[in-house]
K.L.:
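So that we are looking at the same thing, I have put the structure below in structure tokens.
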Amino acid sequence: MKPLMHPFLINSPFDDPGLYIEIKWDRRALLFDLGDISSLNSSQLLKVTDVFVSHMHMDHFTGFDCLLRTVLNHDKLVRMYGPPGITDCVEGKLRGYTWNLTQDYLFTLQVAEVFPEIIKKTQFIASDGFRRPDSITSPFSGMVLEEEMFTVNCAHLDHKIPSLAFALKERFHININRDKLDRLNLSVGPWLRMFKQSLWEGAPDEQRFEAPGSEGRGHRIFSFGELKKEIATITEGQKVSYVVDAVYNRENEEKIIGLASDSDILYCEAAYLDKDRDLASERFHLTARQAGRLARKAMAKELVVFHFSPRYIDNPHELHGEAMQAFRAQY
Ligand SMILES: [Zn+2]
Ligand SMILES: [Zn+2]
């Protein structure tokens, strides 16, 4: 099965947290957190369409300028999602520069400020000098982004300030059966892209679909429903969750387990060792053991821990070991 989403951590676990998820099918990428992103090259940054910011502590937001500098003179919309306060933080960043030469630029930044019950969207347009217009408010019930291929949900966690955790879920996964294609004498080619696109879009079964025969045998007409039955297998979509900076308490635990349940991969902060859990709790962070326990309770298939405190620079294996032991423990 070819995965749709290709996630990787941008930095080492001791550097700023951040997750880059490429969606190769769509030639685009999603970015989770905006700390130091200088290791991403410009072609990677130009693929970014949506940025999910957990909160605006510097290690999660200092890369704003780096991203803006790269995308600014492109005909592009970047959507950014973050907790209460993000619109003011973005505006503050934008007001730090002079915009008298951007009248012809085509870049727009849309900021979605996610409150527990509403989302406020504000468009900052380069050609307008990034002036702050009025926001548009809509109700929020857990989902921040809904597309044909995937959805992104989020939860407000307690980090002494609200910190957003995110879960990206592919709606369903499409596998094309090559043997069936061969049996029907159909060729592999760009038409399969259109076919998959129609599946994502939920095209009606009676729609006619032209499929090219192999070895130049001409085209054959199928109904979309017939083709779907013959060559496609639909399986459960991938799920990737991202949880950083949150204290371990009952409410956070419930929210994280609910959001990240059945993730294929859970990326979770593990700032401290459990022997330092009082410190972790004072600083509103998770320990490695807590991260492992959360991943186990959420029934995640894989756990990746990161965002380690520099105090463990000489023994990162202890953080890994502790998290994995709690993750794999039997009840
Ligand atoms: Zn942090
Ligand atoms: Zn923080």
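Atoms within each ligand, like the ligands themselves, are counted from 1 in listed order.
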K.L.:
Regarding K228 and D205, does a basic nitrogen lie under 4.0 Å from an acidic carboxylate oxygen?
P.N.:
yes

K.L.:
Classify the ring geometry between F209 and F224 as parallel (under 30°), tilted (30 to 60°) or perpendicular (over 60°).
P.N.:
tilted

K.L.:
Give me the protein N, O or S atoms that fall under 2.8 Å of the Zn ion (ligand 1), sorted by chain and residue number.
P.N.:
D59 OD2, H60 NE2, D245 OD2, H307 NE2

K.L.:
For the residue pair N177 and T233, confirm or rule out a side-chain donor-acceptor distance under 3.5 Å.
P.N.:
no

K.L.:
Specify whether Y242 and F32 have parallel, tilted or perpendicular ring planes, treating 30° as the upper limit for parallel and 60° as the lower limit for perpendicular.
P.N.:
tilted

K.L.:
Closer than 3.5 angstrom, by distance alone: can the side chain of Y20 be matched with the main-chain N or O of Q44 as a donor-acceptor pair?
P.N.:
yes

K.L.:
Would you say the rings of H320 and F327 are close, in the sense that their centroids are separated by under 6.0 Å?
P.N.:
no

